[in-house]
Structures are given as C-alpha cells and as structure tokens.
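All values below come from the heavy atoms of this structure, side chains included, with hydrogens, waters and symmetry mates left out. This structure is a prediction, so every number in the text was calculated from the model and none was measured. Note on naming: letters A, B, ... go to the chains in the order of the sequence lines (proteins, then strands), and numbering restarts at 1 for each one.
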Amino acid sequence: MIAMLAVPLLGAAVLVVFPGPARHPWYGAAVSGVTLVLALALAVRFDHTRAARPQFTVDVPWIPGLGLRFHLGIDGISLPLVVLTALLTFLCFVHLVRHRPEQGRIRALVIALLVLEVGMTGTFLALDLLLFFVFFEIVLVPMYFVIAVWGGAGRRAAAVKFILYTLLGSALLLLGLLLVWAHAGTLDMVRLAQAQGAGLSRAVQIIAFLAIGLGLAVKAPMWPLHTWLPAAHTEAPTVGSVLLAGVLLKMGTYGFARIAIPVLPEGAAALAPWLGAFAVAGIVYGSLACLAQRDLKRMIAYSSVGHMGFVLLGLATLTPVGMNAALFGNIAHGLITGLLFFVAGGIKERYGTTELPRLGTGMLARLPYLGSLLTFACVASLGLPGLAGFWGEMLALLGAFQPAAGLSRPLFLVFMAVGGVGTVLTAAYFLRMLSHLTHGRPPAGTIGGGSRGAALLDVSAYELAAWTPLVVLTVVLGLWPKALLSLTDPVVQAYLGTR
Amino acid sequence: MSTLTAAPITAPTIEYGELAPMLIIFGAAMIGVLVEAFTPRYLRKSIQMPITVLSMVGAFALTVWQGVRGVRSAAAMGAIAVDGPSLFIWGAILLLAIVSVLLINDDDHFVAEAAAVPGSAEEDQALSQGGAHTEIYPLVLFAVGGMMLFPAANDLLIMFVALEVMSLPLYLLCGLARRRRLLSQEAAMKYFLLGAFSSAFFLYGTALLYGFAGSVDLKAIATALSTVGGQDALLFIGAATLGVGLLFKIGAAPFQAWKPDVYQGSPTPITALMASGTLIAAFGALLRVFWVALGDLDAEWTPVLWGVAILTMVVGAVLAITQTDIKRMLAYSSIAHTGFLLTAVVATGKESQNANALSGILFYLLAYGFATVGAFAVVTMVRDPGGEAGHLSRWAGLGKRSPLLAGIFALFLLAFAGIPLTSGFFGKYAVFAAAVAGGAVQLVIVGVVTSAMAAFFYVRVIVLMFFSDPAPEGPTIAVPSMGTAAVVTLSAAATVVLGVFPQPVLDLAHTAAQSLFVR
C-alpha cells in the first residue's frame, strides 16, 4: 500500500542523487512499471464483495499536533482511479522512451513525472482530509514545471494561468476543510462519511460545500472556471496533456464524490441544482467551443470541458445512477482523452503543427494506422455505444431523468434535454473534424504546408505499446461496464445512504 | 521629608537564575563594549565573534534547561514573566540570532568608514588601519537582549525599556551597509524617526493606562478593567496608542511604511535579524499586552484588529506584486505574513482555544523566521559589481547559472507560499485552523485569498529564476563562506524538516502555550 507511494518517490529521489547514464525514460518506465504491478496486485487482492469498505488501510499518526494522520485506504471508487493513474503514468514513460520533448532536460522531466505520480496516487488513496489536501497540492508544483519547462510556445502564460487558478482553488478548498474540521471535530473521511453530515448545521454545510465545491470545480474544471484548461492542455507536452486530462481533472470530480457529497449531504442538496446548471452549461459551451476551434489539441481540451460537464451533471443528481455514471465517466474520459492526447501529440510530432487547416486532409490514406487510431478515439469520445464513452454520458442523463428526492425534477429534465443536445453537438464536432482531417485525398506531395515531404512514419512500436492498452480498455469497458460499476456501486450506495 | 525617610526600603528580589539567559546576553554585550575600548584593533574581531556566539549558545542552553525544569513564574517582582511562551520565544530568537551572526560575521557587508566608497583608496586605508566596525557585535547583542526582554516584560515600563534597548542598536546597524551608502543612511534615518514616533505613542499609551489603572503592571491593569469605572476615555485612548506602538513594531498596516525602506537599505544580515528576531519579539509583546493586560477588553479591540489584519494582508500581498527589488518584495511578503499571524491573535475564546492559537503563532513564527533568514542569506550571495543584485530582473536565469542556489531559494519561496511539505504550510494551517475554530471565518477567507495572491509573486520569482534567459552581464554568485553556507543549509534543512516532520516542534510550541501567559 505504502509501496504505491514509496516506489515512485524513492525512484525520484534516487534520480536526484545519482544522475546516472542517459537512459532516464527507461528508468522511469521501470519505476512506474513496478508501481503499476503493485496497483494491479492491489486490484487482484481487493475483496470485491466488500468494495464499500476501505481496504488495505494504513493509519498512523503523522502530526498529532494538527490532527493529521497518515491514513490511506482503497475502496471501490478509488481503486479504478489508482490503477488508471499507475497505468497512464507508465504509458507516458513508455511513450517518452522514444518521443522526447524538444527542449529541457529529460532527467528533470522524469523526476517531475514521478513526483507527480506520488501526488496523484496519494490524492486518491488519502482518507484524511488534510492528507488529501497535502497530496492535492503536491501535484501542482511538478505539473507547473512540466508545463512551464517542456511546454509549447506559449508555455509560460499557460503555466502561470494554471498555477494561479489552482492555487486559488486550493485556498478555497483549504477553507472548506477547515470549516468541516472546526464543526465536526475530525478530519477522518471514513468517519465523516459515516456521520452523513451529523453535527454540521445546514448553514455550515452550505458554506463548506460552496468553498470545497469551488476549490474542486476549478480542478474539474467546471464552466466558467475552466479557462485555465485549454491553455494548459494546448501548451503542455504530450505526456503532460495526457496526465492533466487523464488524471488531474479526475482529482476534482473524485473530490466531489469522496468528500463534498458524502460529508456535506445537506449542502450538496441545497447547491446541486446550481452544480447541475453549471455542468450542462459546460457541456453545451464545451461543444460549441469545439466547433469553433482550429487547433486539434485545443479542441480536445474543450471537449474535456464538455465531458467533465457530464461527470458533474451525474454528481449533481445525487442519485446512485448519477454518481456511478460520474465515476464511470471519470475513468472512461481518462482512457479516451489520454489516447486522444497521445494521438494528437503523435500528429504534432509528424506534421509539426496541430492547426486543423494546416494539417490538410486524407490522413487515413497517408498514415493509415494513426488515422484509424484517431478515428477510434474520436468516436469513443463522442459516446458511440459499445465503447467506454457511451455509458458515462448515458447514465448521467438517465440520472438526471430521475434526480434524488428533494431536487426539482422539471429542472433536471431540462438539464437532461440540454445535455442531450450537448451529445449531438459533441458528435457533430468530432465528425466534422474527422471528415476534414482523415478523409479525402491527401494533398499531393506535401503535408501541412509541408517542407517535410512525404517521408512520414506511421505509428511507431513505442507508440503502439503505449496506446494499445488504452484502446483495449476502452473496448472492454464499453462492452462490459459492469466490471467497473460493480466496484463503484457499493460505495455510492453507502455514501448516499440508500442501502 | 521625614515621612519619606521613615519608610523602610525593601530590596527587590530578583531571580537571577531564571533571568540568566538574558543576563548572559547583556553581560556579553557589556564585555563587548569593554573589548572595543581596551583591545588593539586587529584583535577585536577575533575576540568579539567568539564572545557573541558563545554567549548566545550559552543563553540558548540555559533557556532549554529552564524549559526542561518547567520554570513558570513572574521573576523580578513580577516585572518579567519567565513562562512557557517567553521561553519558547527566547529559544527561537537566540537560534535565529546565532544564525544571523554567522551571516554578519561572514563578509564585508558593513562600512569601514562612513564616507568611504566601497573599493576606494579611502576604504582600503580605513581597513588597513583596522577601521572595520567591530562594535557591530555588541550592538547586535544589545538588540538581541532587548528582543528577549520585550516579549517577556510583564510591566509596561520594562516593556518600553526593552523596546528602546532593542531598537536603538538596530537604528544604528541599519545605517552601516557598505554599499549603497545613501540608501542605507536613508533607511536608518527613516527607521529612527518613525521608530521614535512609535515609541512616543507607546509611552503615551503607557502613561494613559497608568492614569486609568494606577499601575503599569499588566496584571494590575487587567484587574483594573473590572474594578475601575468612569475612566473609559483614558482606557480607550491609552489602549489605542499602546496598540499603535506595538503594531508599528510588527509592521502591520497602516503602520507598515517603514518596512520596505528599512529592509532594502539595511545590510542584508541585519535585515535577516530584524525580519526574524524583531518580528518574533514584537509579536510576543503584542500578545502579552492584548491578551494579558487587555484580555477582558477583547470585545473592543477585536474589531479593530480584524480591520488591521485584513488591511495588512491585502496591502502586503497586493503591493508585493508590484515590487521590482527582491528585498522590498520580501519586506512586503513579511507584511502579508504579519497579517496571517494576526488572524490567530484575534481568535480568542476559551482557554484551550487560546492555547491552540498561541501554539500556532509560535510555530509559525519559528518556521517563518528560518525561511526568512535563509532567503536573505541567499540574497547576500547574488552579487553585482556594485553590491547585491537587488533588482529582480538581475535574478533572471539564475537557475541556469547556479541550479543549487536557485533551487534552495525556490524552496524558501515555496515555504513562504505555504506549499505542503514545507514549513510554511503547517504554520499557515495551524494559524488558520485556530482562527476558524475561534470564529474568525471571514478573516480566514481573506487570508486564503491573499495567500493565493502572495503565492503568485513567489512563483513569479521562481519562473524568473528558472525560465528566463540569463542577462548577458548577469550577477555573479559569490562563493559562500563557511558561515553563509552553514546558514543556508541550516535554514533549508529546518524548512524541510518542519514541513515533513513538524511534530516535535509543534509539541514544544503546544507545551509552551499550554500554560498561556503567566499573570
């Protein structure tokens, strides 16, 4: 359990002390590979019949003076995310072995990614509010450096925007945590969730939910707090974009499912309509913005805003269906968008640009493998039934059809209808992009304004190795969603008190 | 005449043992003055330095010993309180003073002769005649002694004496910078004038409170609050002017104007001493006056301090963003941190709540002190031909020239910003947690928002160091002497250790705060 955190941390420390020879990405892949094996071992040994209870718990006092305990555990909703984190980090390193960013030192990048992995995994494992916050913050610093050092042309502005937004968000989060602590007298998430808000007055719950919710919504990101995201995603290097979209955004929505809703049920009930409204606004806004994008990476970034809107809508319904949808959507989005960013990174490497007009047409003819992978990722992302993206959106809309008692049903029906329009728009922009990019005749002789000529390599072995697991998992989860839902459902039922 | 002579005078009892740490410091300061008078010039530095450091180490050891013995009493007829908070503060001040002295000893930060230009023939001449100012050491010792007496004083007059003993040497030290003489002298002048002004306020407040309570003893004033009636004007004006004097010393807005100028102009080692030691001492005194003497008047002073805290945080954070000089930026950041600390000062309530708030403040002060000294030590090492490279643009690309130094400075900045796993995070958390528990939620809202703003300008410096291209004629990195290297290492270690494993120090602060202030 602790090894999940210790391995990448030690790996990073060793690399800091011993610079070693130049095979740093291999080293990173090895370290994160060990972490992945550990995560899979946890998943195998995980007792699926008792998914609602935290398992493999570690609970030792760290700083008793501040009531901070080193309390880790894993249950049905954190297990998939932990595995996802370990998987994506590992795949990023595999990708990095061959496809290095253009500038910056590779050793520092490996260190930053390993530290990032510690923070991300810790966030999902933490069962103590303050510990959660500590890990939540640890993620910021390496991510900031990843964007600022190895990013694209506008990286500095993007990095500053990223750190400003998220620091302000964490400040609010801290405030909310302090409020919960001051009134409930404990920071233990398990006990707080079991108490279901007992001991917290309605007013306190609303204020605390507002503070925690805003803090998490910045991360998620919820419209209109999303404006850091397109810049950060576009400028970050491929591995940075993958981890940002695949894992970092999940920390926000995971926080809602883990902290905000179970610990503050009354606050959640009072503010859920607002959350839902912003969520559907995000869905529609995200898709409309995508229609207007001329840059592939930027388009994927905006599509994340839309997808996370579905996740937030699922959460806002406060029903088991909606919550499960949200948690499912989290994982599905992590896999699919991770793949999308990998492919977009691959395109950028080959064409030297991700601007749609300059990419030209006919990718399927020119680079058949890359083109088909892009097509696959796009249709998965637009929610084609049979692939992972479908269930998260469908179940979220289903949840909105029958929201929890106490929430206005007509209002959520409106949300559902608007969200439905959003799915159509999502399909529209992805198909439009595909029809433009992959079909048609390749321009004769040149590509993308093409000084590079026709000698473009199709998908490399390393890329294939990094991308295949994502493709497989997307199909598996699409055909057999129960694998994931049976994990998350017991926890959700316990949190919502419906069992 | 006869009545005066008739009354027998009883000699006051003075608990020398308990006051020993302070007496050692003052004693060493006196010896230092004698050394100045009677030893040849070339020997002075080699005598002064050991005296200073050894006396501080000795005083620290005695403080620890008293802490272990559990001394909790008002010594010297109740004029000086040797209680948990005092001992903790003494320990903190002494530690930080030792570190600062290593920095002071290090290099030629101080002017040899007032009119000599650095590197000029006059300076060489003054130096060859042994004109270097070794009286810096006794001056520092006096200042440190004053810093120790200030928060321990249980009596407004003693507190005033301590204030002067602490401030006068500092006024002098401020003016002794070797480079940028005019700036340094201006700083000293400003500090002196404004400081004198605030001392006058303090004294005036003391007099008015004496008029109200008939005593300058803090405990007697506290008792008088409930027994004396009909003198509210004296009480309120007295408390207000006293408060002005104290708020000036901690540099709370709207009395913060001196801080940037003085921090910028002073020799950097002295700035480090002031930014850590003086702040701790002044906070101790502020707490003692407001919690002990005026504790039952909290309904009246709490709203005022609320306003001051909010103003301080906002002014510190906002103005820091616009700074272009590294030392001025650190000064404004110190103002912002003063504001964060004030949020816990107003978070009074039951006894356990007060103890929590106090232990949070004590921990924060120590953590901040170490990070500050370390940061200023790094500032001394980044040099231009004309002295330290103060302008922020000169720091561009430092990460490429000297990754280690820039990395350590980034660590201190992250600690100021309160990122977890540095000392700053737990300090801030402890203070804000106490404030929320004490019902000051709105203050904490302002606190977290301004600390996010403050984080922005710390991050900006990190960006500048690591991601900007170095200036072609960029500053040189001085090879650190043993002293400076030790200071930087020690501060960085303290920042990390207090950020990962703060429990022992938190325990210490907690035990120190349990008994609250002796009355």
Side-chain angles (χ1 to χ4, degrees), chain A residues 16 61-68 103-105 108 115 118-119 122 130-141 144-145 147-149 151 155-157 159-160 162-183 185 187 204 207-208 211 215 218, chain B residues 353 356 359-360 363 399 403 407 410 414 417-422 425-442 444-456 458-460 462-464 466-468 498-511:
Chain A
V16 169
W62 181 9
I63 305 171
L66 295 176
L68 175 56
Q103 72 275 356
R105 278 173 301 181
V115 175
V118 176
L130 189 55
L131 192 64
F132 174 85
F133 182 79
V134 167
F135 281 120
F136 198 81
E137 288 277 275
I138 288 177
V139 171
L140 293 187
V141 178
Y144 169 76
F145 279 97
I147 299 174
V149 179
R155 58 183 187 271
R156 271 183 64 177
V160 167
F162 167 76
I163 196 108
L164 268 187
Y165 265 93
T166 43
L167 273 179
L168 209 56
S170 355
L172 289 171
L173 181 61
L174 179 63
L175 179 71
L177 300 187
L178 283 173
L179 268 176
V180 170
W181 170 79
H183 288 92
L187 286 167
V204 169
I207 298 174
V218 168
Chain B
Q353 159 67 17
N356 269 338
S359 77
F363 179 79
L414 290 178
I419 301 290
L421 302 192
T422 61
F425 172 69
F426 289 120
K428 216 174 255 182
Y429 178 80
V431 169
F432 284 163
V436 168
V441 178
Q442 294 90 325
V444 175
I445 293 180
V446 179
V448 293
V449 171
T450 46
S451 68
M453 282 164 59
F456 170 67
Y458 299 126
V459 168
R460 200 182 56 163
I462 297 180
V463 173
L464 196 70
F466 285 98
F467 307 131
S468 297
L498 289 182
V500 178
F501 193 57
Q503 189 53 38
V505 181
L506 273 172
D507 274 344
L508 204 62
H510 202 66
T511 335

Of A/Leu140, A/Val160, A/Ile163, the residue whose pairing with B/Val459 passes side-chain contact (heavy atoms from CB on, under 4.5 Å): A/Ile163
Partners of A/Tyr165 by side chain to side chain donor-acceptor pair (under 3.5 Å), sequence neighbours excluded? A/Thr227
As an exercise, state the distance from [atom1] of [X] to [atom2] of [Y], rounded to the nearest 0.5 Å.
{"X": "B/Phe432", "Y": "A/Leu174", "atom1": "CZ", "atom2": "CG", "value": "7.5 Å"}
{"X": "A/Leu179", "Y": "B/Ile445", "atom1": "CG", "atom2": "CD1", "value": "7.5 Å"}
{"X": "B/Arg460", "Y": "A/Leu164", "atom1": "CZ", "atom2": "CG", "value": "11.0 Å"}
{"X": "A/Leu168", "Y": "B/Met453", "atom1": "CG", "atom2": "CE", "value": "9.5 Å"}

How would you list, by chain and number, every residue that makes a ring-ring contact (aromatic ring centres under 6.0 Å, His included) with B/Phe425, sequence neighbours excluded? A/Phe133
Under a 4.5 Å heavy-atom cutoff, which of B/Ile462, B/Val436, B/Asn356 has the most pairs with chain A? B/Val436
Ranking B/Ala433, B/Ala435, B/Pro504 by heavy-atom pairs under 4.5 Å to chain A gives rank one to B/Ala433
Mark yes or no for whether A/Trp181, through its side chain, and B/Ala437, through its backbone, hold a donor-acceptor pair below 3.5 Å. no
Most heavy-atom pairs under 4.5 angstrom with chain B, which of A/Val141, A/Leu130, A/Leu172? A/Leu130
Is A/Leu68 in contact with chain B via its backbone, its side chain, both, or neither, using a 4.5 Å heavy-atom distance? side chain
Proximity breakdown for A/Tyr144 and chain B, heavy-atom pairs closer than 4.5 Å: side chain
